[in-house]
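Notes to accompany the following structure.
Chain naming here is simple, since letters A, B, ... match the order of the sequence lines and numbering starts at 1 in each.
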Amino acid sequence: MNYWLFKSEPHVFSFADLKSRRREPWSGVRNYQARNYMRDGMKVGDAALFYHSSCPEPGIAGVMTIASEPIADPTQFNPKDEYFDSKATPEKPIWQLVEVEWVANFVEFVPLENLRSDAALTDMLILRKGNRLSITPVTAAEFRRACKLGGINWKQH
DNA sequence: GCCAACGTTGGC
DNA sequence: GCCAACGTTGGC
């Protein structure tokens with residue numbers, strides 16, 4: 001099993017939104033590296049952290065799971081959609097997505113500040129200077145540690 | 001709102 | 001293929 005971290009701006013789509021919807025297609029990724037992680041790297045059942053970015057309190061809110069194989073992101077075909085891509089066709093899609101499913105809220109939200117000050121997390125990609133990728137892999141150890149900071153014992157899941 | 005850092009675009 | 005200009009991200 002692989003582990004991931006997904007960023008989302010909570011005023012657009014928050015972890016609470018995912019909890020109420022339960023399952024959601026992760027549409028709108030328009031960065032090749034992030035797409036490649038979804039298309040080539042993810043397996044159904046992988047676990048992922050949900051990170052809130054561009055907000056008053058950035059940090060990790062909880063855990064979700066990869067719930068589908070990669071499929072073509074339908075928003076790329078819709079001229080009315082903000083993520084429309086005129087170069088994409090249903091025969092030759094450019095952008096893929098996976099569906100994600102809510103698993104568990106952290107008992108305590110883990111602010112970015114706490115991630116930065118944790119010695120076990122210094123290599124997390126999200127903490128690297130200049131990192132802008134909306135989807136990044138995390139190691140199993142980083143994943144467990146983040147869960148622990150959030151008040152969850154991941155082994156019980 | 002500022003600004004550093006990065007990805008993408010497009011002229012050559 | 002180079003690289004300057006531009007747009008975006010995201011913390012502060």
Grab the N/O contacts between the protein and nucleotides 8-12 of chain C below 3.5 Å, and write none if there aren't any.
from	atom 1	to	atom 2	distance (Å)
C:dT8	O2	A:Arg132	NH1	3.3
C:dT8	O2	A:Arg132	NH2	3.4
C:dG10	OP1	A:Lys7	NZ	2.4
C:dG10	OP1	A:Arg132	O	3.3
C:dG11	OP1	A:Tyr51	OH	2.6
C:dG11	OP2	A:Ser54	N	2.9

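Applying the ring pair (Phe, Tyr, Trp, His ring centres under 6.0 Å) test between A:Trp95 and each of A:Tyr32, A:Trp26, A:Phe77, A:Tyr83 identifies A:Tyr32 as the sole match.
Between the CG atom of A:Asn36 and the C1' atom of B:dG7 there is a distance of 14 Å, rounded to whole Å. Here the P atom of nucleotide B:dA5 and the NZ atom of A:Lys129 are 4 Å apart, to the nearest Å.
No side-chain donor-acceptor contact under 3.5 Å links A:Arg144 to the backbone of A:Trp154.
A:Thr75 and A:Arg30 share a side-chain donor-acceptor pair at under 3.5 Å.
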Evaluate the side chain to side chain donor-acceptor pair (under 3.5 Å) criterion for residues A:Ser14 and A:Asp17: first the C-alpha distance (whole Å), next the side-chain angles of each, then the deciding distance (0.1 Å), finally the verdict.
-> CA-CA 5 Å; A:Ser14 70; A:Asp17 293 331; 3.2 Å; yes
Evaluation steps, side chain to side chain contact (heavy atoms under 4.5 Å, CB included), between A:Met124 and A:Leu49 = CA-CA 12 Å; A:Met124 262 189 109; A:Leu49 302 166; 4.3 Å; yes
